[in-house]
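Questions regarding the structure given below will be posed in turn.
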Amino acid sequence: MQLLTCFAVLSAVAVASAQVFVDVGRSPGSGGSVFRFVPNNITASNGTVITFRFTGSPGNHTVTQSTFDDPCNPMAGGFDSGNVYIPPGFTATPPLFNLTVTDDTQPIWFFCKDLRPIPHCQQEMVGAINAPTSGEYTLQAFAQSAMRASNPAGQGQGGLVGQGASAAALPAPISNGVSLAIGAPLSTSAGSSPSGTGASPSASTGASHTSGATSSTGSAPTPTTNAAAVMRGSPLVALAAVAFGIMLA
Ligand SMILES: *[C@@H]1O[C@H](CO)[C@@H](O)[C@H](O)[C@H]1NC(C)=O
Ligand SMILES: *[C@@H]1O[C@H](CO)[C@@H](O)[C@H](O)[C@H]1NC(C)=O
Ligand SMILES: *[C@@H]1O[C@H](CO)[C@@H](O)[C@H](O)[C@H]1NC(C)=O
Ligand SMILES: *[C@@H]1O[C@H](CO)[C@@H](O)[C@H](O)[C@H]1NC(C)=O
């Protein structure tokens with residue numbers, strides 16, 4: 001009986017930790033570099049981890065949250081991987097940015113804020129999670145708006161915790177590259193705090209990382225008491241906790 005319960009919990013965890021891969025700056029199967037997220041239309045439910053792989057070589061890109069109305073500007077209180085530079089000819093395991101969806105009820109918009117050699121956002125380096133496929137707020141409409149945006153791209157630095165999706169760590173630097181979170185930290189106190197960012201007013205929002213090597217500067221997302229959220233943060237710990245709970249029961 002307890003064993004059955006345990007299996008049920010295990011399969012629930014497996015479902016909750018679905019993973020989607022997105023290549024940053026590269027089309028799968030092709031070498032080189034493109035100003036694209038591939039794929040850029042992502043459907044992901046709560047708990048799904050979207051793993052951005054910085055595969056474009058050479059490349060220097062970010063995964064930065066914005067808003068539908070201002071596609072090429074980092075959103076206050078949004079997530080931001082910071083710049084990840086990949087040198088020419090790099091073929092080793094790419095740096096990863098793992099973004100966990102915390103609110104699948106509204107679209108999450110993102111772009112690359114890098115400006116060199118030309119602003120990537122206007123080259124359609126944009127994407128969306130859970131965008132409607134019809135109506136006014138589609139990914140196509142967002143991309144069109146990005147390509148017409150008058151600002152090349154804001155250079156403010158977002159945090160790890162975004163609205164509707166959060167990461168626990170910045171991409172780790174590669175041996176001959178560098179991961180950079182640059183620009184002035186953006187305010188993260190966006191009035192109507194979405195769920196998933198925790199209720200504590202003093203909660204760290206991950207905005208503390210600044211310039212320089214950033215492998216260990218990200219702060220963890222806000223702790224929550226919600227078991228599903230705990231699982232997202234640390235599957236093994238959560239699993240152990242759940243199993244322990246079952247044993248006590
Ligand atoms: C993304 O767009 C492609 C090409 O239009 C389409 O085939 C695919 O179904 C879309 N995926 C999602 C998750 O919307
Ligand atoms: C990557 O881009 C950032 C922002 O434009 C820049 O500060 C950094 O120097 C670039 N890295 C390399 C190695 O070119
Ligand atoms: C996903 O999480 C958000 C925020 O907690 C919640 O409002 C929404 O109902 C959840 N979605 C589902 C399908 O449970
Ligand atoms: C991202 O997740 C992968 C597992 O899919 C893990 O190996 C990697 O260390 C994580 N990276 C970061 C920066 O969180």
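Atoms considered below: every heavy atom in the structure, side chains included; atoms not considered: hydrogens, waters and symmetry mates. Because the structure is predicted, anything quoted here is derived from the model rather than measured. Indexing begins at 1, ligand by ligand and atom by atom, following the structure's order.
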Hits for ring-ring contact (aromatic ring centres under 6.0 Å, His included) against F111, two or more places apart or cross-chain, chain-then-number order -> none

query: Is D104 close to ligand 3, meaning an N/O of one under 3.5 Å from an N/O of the other?
result: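 Yes.
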
**Prompt:** With respect to the side-chain SG atoms, do C112 and C121 come within less than 2.5 Å?
**Reply:** no

inquiry  = Side chains of N98 and T51 only: does a donor on one sit below 3.5 Å from an acceptor on the other?
reply    = yes

Notebook entry, point to check: Taking distance alone, with no angle check, do D114 and ligand 2 share an N/O pair under 3.5 Å?
Noted result: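 N/O-N/O distance under 3.5 Å: yes.
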
Residues at least two apart in sequence or cross-chain that pass ring-ring contact (aromatic ring centres under 6.0 Å, His included) with F68, listed by chain then number, are W109, Y137

Close N/O pairs between ligand 4 and protein, under 3.5 Å:
unit_1: ligand 4; atom_1: 2 (O); unit_2: N98; atom_2: OD1; d: 3.1
unit_1: ligand 4; atom_1: 2 (O); unit_2: N98; atom_2: ND2; d: 2.4
unit_1: ligand 4; atom_1: 5 (O); unit_2: Q19; atom_2: NE2; d: 3.0
unit_1: ligand 4; atom_1: 11 (N); unit_2: N98; atom_2: ND2; d: 3.0
unit_1: ligand 4; atom_1: 14 (O); unit_2: N98; atom_2: ND2; d: 2.9

Quick one: does F110's side chain get under 4.5 Å of T62's, heavy atoms only?
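Of all side-chain heavy-atom pairs linking T62 with F110, none is under 4.5 Å.
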
Query - N83-ligand 2 polar pair, N/O distance under 3.5 Å - result: yes

Can you tell me if CD on Q140 sees more than 12 non-hydrogen neighbours from other groups inside 6.0 Å?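 Atom CD in Q140 is not crowded, with 12 or fewer foreign heavy atoms closer than 6.0 Å.
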
Sequence neighbours excluded, the answer for ring-ring contact (aromatic ring centres under 6.0 Å, His included) partners of H120 is F35, H61

T48 (side chain) donor-acceptor with V101 (main chain) under 3.5 angstrom: no

Q. Just which atoms of ligand 2 are under 4.0 Å from any heavy atom in R116?
A.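 Every atom of ligand 2 under 4.0 Å from some heavy atom of R116: 5 (O), 6 (C), 7 (O), 8 (C), 9 (O).
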
Is the shortest distance from a heavy atom of T102 to ligand 3 less than 4.0 Å?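 Yes, that is the case, since the closest heavy atom of the residue is under 4.0 Å from the ligand.
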
